[in-house]
Visitor: 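Got a structure here, written out as C-alpha cells. Questions coming.
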Amino acid sequence: MANEKGILILAETQEGGGLAAATGELLGAARRLVDAGAAGPVAAALLGSGVQALAQEAISLGADEVHVAEHQLLGEYTSGAYTAAMEQVCRQVNPAIVLLGQTNIGRDLAPRLAFRLGTTVAMDCVDLSMGGGKLLMGRPCYGGNARAVNASRTMPQMATVRAKSQDPLEKDPSRKGEVKSVAVQLDPSQATPRVLERKKAAAEGIRLEDADVVVAGGRGCGGPEGFQPLEELASALGGAVGASRAACDLGWRPVSEQIGLTGKVVGPTLYFAIAISGASQHMAGCTGAKNIVAINKDPEANIFKSARFGIVGDFKQVMPALIEAVKKLKG
Amino acid sequence: MALNMIVCVKQVPDPEAPASAFKVDEAAKKVVTAAGVAPVISQFDAIAVEAALRIKDAMGEGKITIISLGPASARDVIKHGLAMGADEGVLLSDPAFDDGDGYATGLALTTAIKKLGDTDIVFCGRQATDWDMGVTGTAIAEMLGVPSATFAKGVKHQDGKLIVERALPDGFETVEMGLPCLVTVSNEMGEPRYPKLQQIMMAARKQITTWSAADLGLSPDQVGAAGARLTLERLFQPVSETQCELIEGETVDEAAQKLAQRLREAKII
C-alpha cells in the first residue's frame with residue numbers, strides 16, 4: 001500500500017466503563033505529533049462488542065475520526081481475532097503511524113499486527129517525535145541503562161507507548177469528529193488462543209496505578225512480615241503498597257503489586273522505595289513518580305540517584321519513627 | 001506421542017553487572033561490553049527452557065532443541081540449555097546476522113525452525129534483557145502462522161492441546177490452543193533449574209549444529225542489519241537530573257522526623 005496518511009491509535013476500554021487512561025495518553029501523543037508536523041487526521045480504532053457509545057469520548061480526548069468495529073468475537077480479547085480485526089481496520093484507514101498502549105493487549109497484539117501488516121514495531125516507547133518526516137521512537141533499553149531512538153523503514157510506522165509517559169489532553173466534550181463503522185469479517189476459528197478462564201487478583205483498597213502515594217518494598221524487606229510497616233505508612237497516607245519483582249518472585253507479595261518493566265507502571269506524587277536497590281528493571285515502573293523517597297542501608301544504592309529525598313539507614317528502624325512523624329503531621 | 005519442542009535463547013550482556021560497568025559507544029551506536037563481565041543466557045529464555053522441561057517431565061518423553069542466533073560465543077547459552085536437560089542444539093551464526101531487529105532475527109529463527117521440521121511447541125522468553133523489545137517470539141509465531149500465548153506463568157499439555165496460564169498485571173488468564181503453537185514465558189513461571197555437574201559435563205560433549213544464512217537459504221540482504229525493518233538512529237545513556245537530598249540526624253528518629261517535615265515543607269504530604 002502507498003499513500004499512507006494520518007495517525008491511528010487503538011482505543012481500549014476499562015473495566016467499569018469508559019476508555020482506559022492509556023487511550024487518552026495515546027490521543028494526546030498523537031495530537032502532539034500532528035503539531036510537530038506529522039500529517040493528520042488523528043483516528044482511533046474502537047474494537048469490541050457494544051462499544052459504539054464510547055466514540056464521542058475518544059473525540060473529546062483528541063480524535064478526529066473514530067473507526068468502530070463491532071463484532072461479537074471482539075467482546076473479549078484474543079490475539080487471533082484482534083489481529084485480524086485491526087489488520088482490516090488498518091487496511092481501510094491506511095495510516096502512516098499506528099500507536100498502541102504498552103498494555104496487556106498492546107504488548108501481545110502490536111508485534112503480531114505489525115508483522116501481519118508487513119511492518120515492524122518499537123515497543124514500550126516513552127518519547128515520540130518527528131524527524132526528517134519520520135516518526136522517531138525513543139525507548140529505554142538495557143534495563144533502562146540506555147536509551148535507543150528507532151525509526152521504521154516500513155509503513156505503517158508502529159510503536160507501543162509506556163503508560164504515564166504521555167500526557168492526555170483535557171477532555172473537551174464540545175469537540176467534533178466523525179464516527180465511522182467498519183464491517184470486520186471474523187470467523188470463530190480466528191479467536192485463538194481460546195480463553196478458558198480469566199481471574200482478577202482480589203484488589204483491596206486503592207488501585208496501585210491510581211494511588212497518589214505508593215510505598216514499595218524490595219528484597220531488602222527480608223520477608224513478607226517486612227512489609228508490615230509499609231502497609232502502615234501507606235494506610236496513614238491513603239496510599240497503596242507496591243513491590244519489586246524480586247519481592248514478588250519470592251512470593252512475599254502478590255504479582256498484582258509488582259512495579260517495574262515487566263509489572264505495573266505507576267506515577268504517584270510520592271513514591272517510597274523501601275529497601276529497594278533501584279535496579280533499572282524496577283525503575284522502569286516508577287520513573288513517572290513526581291517525588292521518590294529512598295530508604296536504604298547501602299549509601300551506594302542506585303535508588304539514591306533517582307530519589308529527591310533519602311535516608312541511609314535500616315528501614316526497620318526508620319519506618320516506625322517515620323510512621324509516627326507522618327501520623328503526627330496528618331493530625 | 002512424544003512432542004518436538006524448540007526453545008529460542010539469546011546471549012546477552014549480564015544484566016546483574018554493576019551499572020558503572022555499562023558504557024555506550026554513541027558513534028558506533030553499540031553497547032561496549034565491560035572486560036570481565038561474561039555474557040549470559042537471557043533470563044526469560046532460561047525460564048523458557050524450564051517451561052519446555054516441565055512439559056517433558058510431565059509427559060515422560062519429548063525432544064527439546066535449543067536454537068540461538070549469535071556469535072560463536074552463543075554456543076555457551078546453548079550448552080546452558082543442554083545442561084538444564086535439553087536434547088539438541090543449533091547455532092545460527094553468520095556475520096550477515098549481525099545487528100538484526102526482531103523481524104530479521106525472527107525470520108532467521110523461523111527459517112531454522114522450518115528446516116528442523118515437525119515442531120509442536122516453540123518457546124521463547126517474553127523479552128530479551130538487552131533490548132527489552134519483546135517482539136521476536138511473536139514474530140516467529142506470525143511467520144510460522146501458528147497461535148501464540150504470551151507471558152506464560154504455567155504450561156500444561158492436555159488432550160493434544162496446550163493449556164497456558166498467562167500472567168496479567170491484575171491476575172491471570174488461562175488459554176487453550178492446538179499444536180503447533182508458540183509460547184513466550186514470563187518470570188512468574190518460577191526459577192529455571194540449575195544444571196548439575198554431571199549434566200554440564202554431558203552437555204560439554206554434545207555436538208552443536210551450526211547453520212549460516214546460506215544453510216538456511218537466506219540471502220545476506222534478508223537478514224541482520226540489511227534485512228532489518230527497524231533502524232537504530234541513536235543510542236545513548238540518559239543522564240539522571242535528580243539530586244538526592246540525604247536527610248541525616250543524631251538518631252534515626254530525628255532523621256525520620258526531619259524527612260516528614262521536609263515532605264510537608266515541599267507540600268508533598
Side-chain angles (χ1 to χ4, degrees), chain A residues 79-80 104 107-108 111-112 115-116 119-124 136 141-143 145-154 192-201 237 245 249 255-256 261-264 269-270 291 293 302 304-313 317-318 321-322 325-326 329, chain B residues 15 19 22 24 31 101-103 126 129-135 138-139 141-143 147-150 163-164 167-177 186-188 229-238 240 242 244-247 252-253 255-257 259-260 262-264 266 268-269:
Chain A
S79 75
N104 282 347
R107 285 178 215 258
D108 188 65
R112 193 113 205 174
F115 298 116
R116 182 82 47 101
T119 186
T120 187
V121 57
M123 302 292 286
D124 205 13
L136 298 178
C141 53
Y142 286 88
N145 283 320
R147 182 70 71 84
V149 180
N150 291 115
S152 180
R153 280 181 179 150
T154 43
T192 57
R194 196 161 75 90
V195 179
L196 301 177
E197 189 191 9
R198 208 163 254 170
K199 256 210 180 113
K200 278 192 70 101
L237 289 166
R245 189 180 125 188
D249 279 352
V255 174
S256 55
L261 189 64
T262 54
K264 285 181 177 163
T269 305
L270 178 57
N291 302 283
V293 174
N302 200 42
F304 290 114
K305 291 197 183 108
S306 310
R308 179 163 174 205
F309 300 106
I311 292 182
V312 178
Q317 291 168 15
V318 178
L322 183 61
V326 165
L329 275 180
Chain B
F22 186 87
V24 168
V31 166
D101 64 347
Y103 168 73
R126 62 176 288 165
T129 53
D130 50 1
W131 291 106
D132 286 325
M133 192 64 110
V135 304
T138 315
E142 182 62 23
M143 288 188 234
S148 56
T150 48
I163 313 276
V164 181
L168 304 177
D170 275 313
F172 70 89
E173 70 175 24
T174 311
V175 300
E176 171 194 88
M177 53 190 175
S186 190
N187 49 290
E188 288 85 358
R229 290 173 174 174
L230 206 61
T231 59
L232 183 59
E233 305 292 312
R234 262 189 87 194
L235 186 68
F236 61 99
Q237 282 178 272
S240 164
T242 316
C244 184
E245 179 182 331
L246 279 183
I247 295 172
V252 174
D253 280 20
Q257 274 164 25
L259 172 60
R262 288 291 291 124
L263 290 173
R264 172 49 65 92
I268 300 169
I269 60 173

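Every chain is numbered from 1, with letters handed out A, B, ... down the list of sequences.
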Visitor: I want to check something: taking the side chain as every heavy atom from C-beta on, are B:D101 and B:W131 in contact at a cut-off of under 4.5 Å?
Guide: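 In short, these two side chains do not touch, never coming nearer than 4.5 Å.
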Visitor: What pairs with A:Q317 under side chain to side chain donor-acceptor pair (under 3.5 Å), at least two apart in sequence or on another chain?
Guide: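 Checked A:Q317 against side chain to side chain donor-acceptor pair (under 3.5 Å); zero matches.
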Visitor: Could you give the distance from CG (B:L263) to CG (A:L237), rounded to the nearest 0.5 Å?
Guide: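 B:L263 CG to A:L237 CG: 8.5 Å, rounded to 0.5 Å.
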Visitor: Where on A:N145 is there a heavy atom nearer than 4.5 Å to chain B: the side chain, the backbone, both, or neither?
Guide: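 Its backbone and side chain both get close to chain B.
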Visitor: So, the side chain of A:N291 versus the backbone of A:L270: is there a donor-acceptor pair under 3.5 Å, distance only?
Guide: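 Here the side-chain-to-backbone pair does not exist.
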Visitor: Given a strict heavy-atom distance threshold of 4.5 Å, which part of A:S79 is in contact with chain B: side chain, backbone, both, or neither?
Guide: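 Side chain only.
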Visitor: In terms of heavy-atom pairs under 4.5 Å with chain B, which of A:A325, A:A146, A:A122 leads?
Guide: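 Going by pairs under 4.5 Å, I would pick A:A146.
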Visitor: Please check if any side-chain donor atom of A:R107 sits under 3.5 Å from a side-chain acceptor atom of B:T150, or the reverse.
Guide: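 Distance-only check fails for A:R107 and B:T150.
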Visitor: I'd like to verify something: which residue of B:T231, B:L235, B:V252, B:T138 has the highest number of heavy-atom pairs under 4.5 Å with chain A?
Guide: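 Top option by heavy-atom pairs under 4.5 Å: B:T231.
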Visitor: Pick whichever of A:S306, A:G263, A:A151, A:P111 has the most heavy-atom pairs under 4.5 Å with chain B.
Guide: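 When all of A:S306, A:G263, A:A151, A:P111 are compared, A:A151 has the most.
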Visitor: Testing the 3.5 Å rule here: is there a donor-acceptor pair between the side chains of B:T174 and B:E176?
Guide: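 The answer is no; no qualifying pair exists.
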Visitor: Can you say whether A:V121 sits under 4.5 Å from chain B via the side chain, the backbone, both, or neither, judging by heavy atoms?
Guide: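 A:V121 touches chain B through backbone and side-chain heavy atoms alike.
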Visitor: What pairs with B:D132 under salt bridge (charged side-chain N to carboxylate O under 4.0 Å, His left out), at least two apart in sequence or on another chain?
Guide: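 B:D132 satisfies salt bridge (charged side-chain N to carboxylate O under 4.0 Å, His left out) with no residue once adjacent residues are dropped.
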Visitor: With only heavy atoms counted, which part of B:V164 is less than 4.5 Å from chain A, the side chain, the backbone, both or neither?
Guide: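 Contact with chain A involves no heavy atom of B:V164 at all.
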Visitor: Considering only heavy atoms, which portion of A:L196 lies under 4.5 Å from any heavy atom of chain B: side chain, backbone, both, or neither?
Guide: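 Contact with chain B involves both backbone and side-chain atoms of A:L196.
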Visitor: Go through A:G310, A:C141, A:A321 and name the one with the most non-hydrogen pairs under 4.5 angstrom from chain B.
Guide: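 Of A:G310, A:C141, A:A321, A:G310 has the most heavy-atom pairs under 4.5 Å with chain B.
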Visitor: Taking the side chain from A:R147 and the backbone from B:F236, do they hold a donor-acceptor pair closer than 3.5 Å?
Guide: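 Checked: no pair found.
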Visitor: With a 4.5 angstrom heavy-atom cut-off, which part of B:S186 approaches chain A: side chain, backbone, both or neither?
Guide: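 Neither part, no heavy atoms under 4.5 Å.
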Visitor: Between A:S152 (side chain only) and A:T154 (backbone N and O only), is there a donor and an acceptor less than 3.5 Å apart?
Guide: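 Side chain of A:S152 to backbone of A:T154, a donor-acceptor pair under 3.5 Å: yes, one is there.
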Visitor: Quick one: what part of B:P15 sits under 4.5 Å from any heavy atom of chain A, side chain, backbone, both or neither?
Guide: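 Interface part for B:P15: neither.
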Visitor: Could you check which of B:R126, B:M177, B:Q257 has the highest count of heavy-atom pairs closer than 4.5 Å to chain A?
Guide: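 Heavy-atom pair counts peak at B:R126.
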Visitor: Which atoms of A:K199 come close to chain B, meaning under 4.5 Å heavy atom to heavy atom: side chain ones, backbone ones, both, or neither?
Guide: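 The answer is both parts of A:K199.
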Visitor: Could you look at A:N150 and say if it's the side chain, the backbone, both or neither that has a heavy atom under 4.5 Å from chain B?
Guide: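 Both parts, backbone and side chain.
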Visitor: Give, as side chain, backbone, both or neither, the part of B:F22 having an atom under 4.5 angstrom from any heavy atom of chain A.
Guide: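 Contact with chain A involves the side chain of B:F22 alone.
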Visitor: When heavy-atom pairs shorter than 4.5 Å are enumerated against chain B, which of A:V312, A:L136, A:L261 gives the highest number?
Guide: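 With the most close heavy-atom pairs to chain B, the winner is A:L261.
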Visitor: With a sphere of 6.0 Å drawn around CZ of A:R194, does it hold more than 12 non-hydrogen atoms of other residues, nucleotides or ligands?
Guide: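 Result for CZ/A:R194: open.
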